[in-house]
Amino acid sequence: MKKLFLVLTLSLLILSCNKDAPELSFDELNIEQVSEVDCNPEEENCTFIGIKVPWAMGKDTISNLMNSHIEDHVIKMIDYQDYEDLESLESLAQTFIDDYEISAKEFPEYNIPWEAYVEGKITYQSEKLISIQFDVALFTGGAHGYTSVTYLNFDPETGRLVSNEELFSQDFKDFAEVRFRKKNDIPENESINSTGLFFENDKFQLPQNIGFHSNKVVLIYNSYEIASYSEGNIQLVFKMEEAKKYFKIL
């Protein structure tokens, strides 16, 4: 028997500054599912998946597009089996529980409860950009779990994703490399991988995930992106004031 909770809780409201665009309002989509197979609630030792993310509540195209991107992003972060038929976060939660229960039945001697948790929150909002941060913790057996921090950046007037290339001028990459080398003690006259990192082609690159907050810009290299798992996530933070001259759209 499994327990499924689906809750929509009003969390915040964003008003579009474009008079022709629909009003964007966000609730919190909260999905929790627990397996009762080999579950010990008193010890909180049960297989569990929790998803808590912002969810655009309009019936318009912009809201639907943003929700589709959020849904796809969460599925990709948790769907370690690469199922092609997962079309909703509810089906993702159900599949996660089902996979655990199949594994527990087939390999009871290796049975350890699985856990998956995703928490998303809007960290920045303006008439030109909405930035959402996703914190992920995932364990499906093995030596250790996996954690990551990712961002999606949206154009609030269209609902489409904004790429890093659209966010910054080319000079921002050079600016970031100088700071990255200084923070990680990499001499200017040596290759970027000289201290054991593994940037592709030994060339500095901006990370896949760049997020905005009210007073800062955060660059996140997640585990395995440029270093081994033991190095953890590598973060580079700029004050908003020092980075804003490189912005294209803000």
Side-chain angles (χ1 to χ4, degrees), residues 12 14 53-54 66 69-70 72-74 76-77 117-138 144-158 160-250:
L12 60 128
I14 298 177
V53 293
M66 291 185 69
H69 284 307
I70 291 171
D72 289 346
H73 186 66
V74 173
K76 288 177 181 177
M77 288 189 291
Y117 188 71
V118 181
E119 181 176 9
K121 57 185 177 182
I122 296 176
T123 58
Y124 182 87
Q125 58 188 75
S126 74
E127 61 186 79
K128 295 184 179 180
L129 186 71
I130 296 174
S131 190
I132 303 179
Q133 174 182 323
F134 298 86
D135 295 285
V136 177
L138 177 65
H144 54 73
Y146 177 76
T147 61
S148 67
V149 179
T150 59
Y151 287 91
L152 292 181
N153 294 305
F154 291 94
D155 179 344
E157 293 191 357
T158 64
R160 71 177 184 84
L161 291 175
V162 181
S163 68
N164 291 343
E165 290 75 19
E166 293 174 286
L167 289 169
F168 299 101
S169 67
Q170 181 61 32
D171 293 340
F172 181 70
K173 179 181 174 182
D174 297 332
F175 172 68
E177 180 174 0
V178 171
R179 182 69 60 84
F180 184 91
R181 284 178 175 270
K182 183 178 181 180
K183 180 181 179 181
N184 294 280
D185 297 320
I186 305 172
E188 182 180 353
N189 59 346
E190 294 187 11
S191 72
I192 195 67
N193 291 337
S194 60
T195 60
L197 300 175
F198 39 82
F199 279 94
E200 188 175 358
N201 299 321
D202 204 8
K203 300 292 184 182
F204 176 81
Q205 298 293 333
L206 294 175
Q208 298 174 16
N209 292 287
I210 299 178
F212 293 79
H213 298 249
S214 60
N215 60 350
K216 63 185 179 181
V217 179
V218 179
L219 283 66
I220 294 283
Y221 297 91
N222 284 301
S223 297
Y224 304 116
E225 191 172 344
I226 60 168
S228 63
Y229 176 84
S230 61
E231 295 295 327
N233 299 341
I234 297 175
Q235 181 172 285
L236 199 59
V237 179
F238 298 99
K239 294 180 180 179
M240 185 68 79
E241 288 300 314
E242 65 179 335
K244 65 190 307 181
K245 63 182 178 181
Y246 300 102
F247 295 162
K248 283 185 177 181
I249 65 173
L250 296 184

Query - D155 CG to R160 CZ distance, which is reported to the nearest 0.5 Å - result: 5.5 Å
Report task. Kindly give the heavy-atom pair with the smallest separation between A243 and V217, and that separation in Å. Result -> CB-CG2, 4.1 Å
Return all side-chain donor-acceptor pairs below 3.5 angstrom for residues 221-228, not counting sequence neighbours, or 'none' if the list is empty.
residue: Y221; atom: OH; partner: Q205; partner atom: O; Å: 2.6
residue: N222; atom: OD1; partner: V149; partner atom: N; Å: 3.0
residue: N222; atom: ND2; partner: V149; partner atom: O; Å: 3.0
residue: S223; atom: OG; partner: N233; partner atom: OD1; Å: 3.4
residue: E225; atom: OE1; partner: N222; partner atom: N; Å: 3.1
residue: E225; atom: OE2; partner: Q208; partner atom: N; Å: 3.1
residue: S228; atom: OG; partner: S230; partner atom: OG; Å: 2.9

Report summary line: Between S126 and P156 the two heavy atoms that sit nearest each other are O-CG, 3.6 Å
Query raised in the report: Restricting to pairs with a member in residues 192-208, which pass salt bridge (Lys or Arg N to Asp or Glu O under 4.0 Å), not counting sequence neighbours?
Result: none
Query raised in the report: Does NZ in K173 sit with more than 12 non-hydrogen atoms of other residues, nucleotides or ligands closer than 6.0 Å?
Result: yes
Query raised in the report: Is the shortest heavy-atom distance from the side chain of F154 to the side chain of I70 under 4.5 Å?
Result: yes
Query raised in the report: Considering all heavy atoms of both residues, which atom of M240 and which atom of S214 are nearest to each other, and what is their separation?
Result: CE-O, 4.1 Å
Expected list for residues 128-136: side-chain donor-acceptor pairs under 3.5 angstrom, two or more places apart:
residue: S131; atom: OG; partner: N153; partner atom: OD1; Å: 2.7
residue: S131; atom: OG; partner: F212; partner atom: N; Å: 3.1
residue: Q133; atom: OE1; partner: Y151; partner atom: OH; Å: 3.0
residue: Q133; atom: NE2; partner: D135; partner atom: OD1; Å: 3.2
residue: Q133; atom: NE2; partner: D135; partner atom: OD2; Å: 3.0

**Report entry** Nearest-0.5 Å distance that lies between atom NE2 in H144 and atom CG in L138
**Finding:** 11.5 Å
Query raised in the report: Can you tell me how far the OG1 atom of T150 sits from the CD1 atom of I220, to the nearest 0.5 Å?
Result: 9.5 Å
**Report entry** Gap between atom NZ of K239 and atom NZ of K216 - 0.5 Å precision
**Finding:** 12.0 Å
Query raised in the report: Quick one: does V218's side chain get under 4.5 Å of H213's, heavy atoms only?
Result: yes
**Report entry** Heavy-atom side-chain proximity of L197 to T195 below 4.5 angstrom
**Finding:** yes
Query raised in the report: Roughly how far, to the nearest 0.5 Å, is CG of L219 from CG of L206?
Result: 6.0 Å
Query - Residues forming a salt bridge (charged side-chain N to carboxylate O under 4.0 Å, His left out) with E165, sequence neighbours excluded - result: none
Report summary line: Result for ring-ring contact (aromatic ring centres under 6.0 Å, His included) between F238 and one of F172, F168, F247 points to F172
Query raised in the report: Is it true that atom NZ of K244 has more than 12 heavy atoms of other residues, nucleotides or ligands lying nearer than 6.0 Å?
Result: no
**Report entry** Distance, nearest 0.5 Å, that separates CD1 of I210 from OG of S163
**Finding:** 10.0 Å
Query - Any residue meeting ring-ring contact (aromatic ring centres under 6.0 Å, His included) with Y146, in chain and number order, not counting sequence neighbours - result: none
For residues 174-182, which side-chain N or O atoms pair as donor and acceptor with protein atoms under 3.5 Å away, sequence neighbours left out?
residue: E177; atom: OE2; partner: R181; partner atom: NE; Å: 3.1
residue: E177; atom: OE2; partner: R181; partner atom: NH2; Å: 3.3
residue: R179; atom: NH2; partner: E242; partner atom: OE1; Å: 2.8
residue: R181; atom: NH1; partner: P187; partner atom: O; Å: 2.6
residue: R181; atom: NH1; partner: E190; partner atom: O; Å: 2.8
residue: R181; atom: NH2; partner: E190; partner atom: O; Å: 3.1

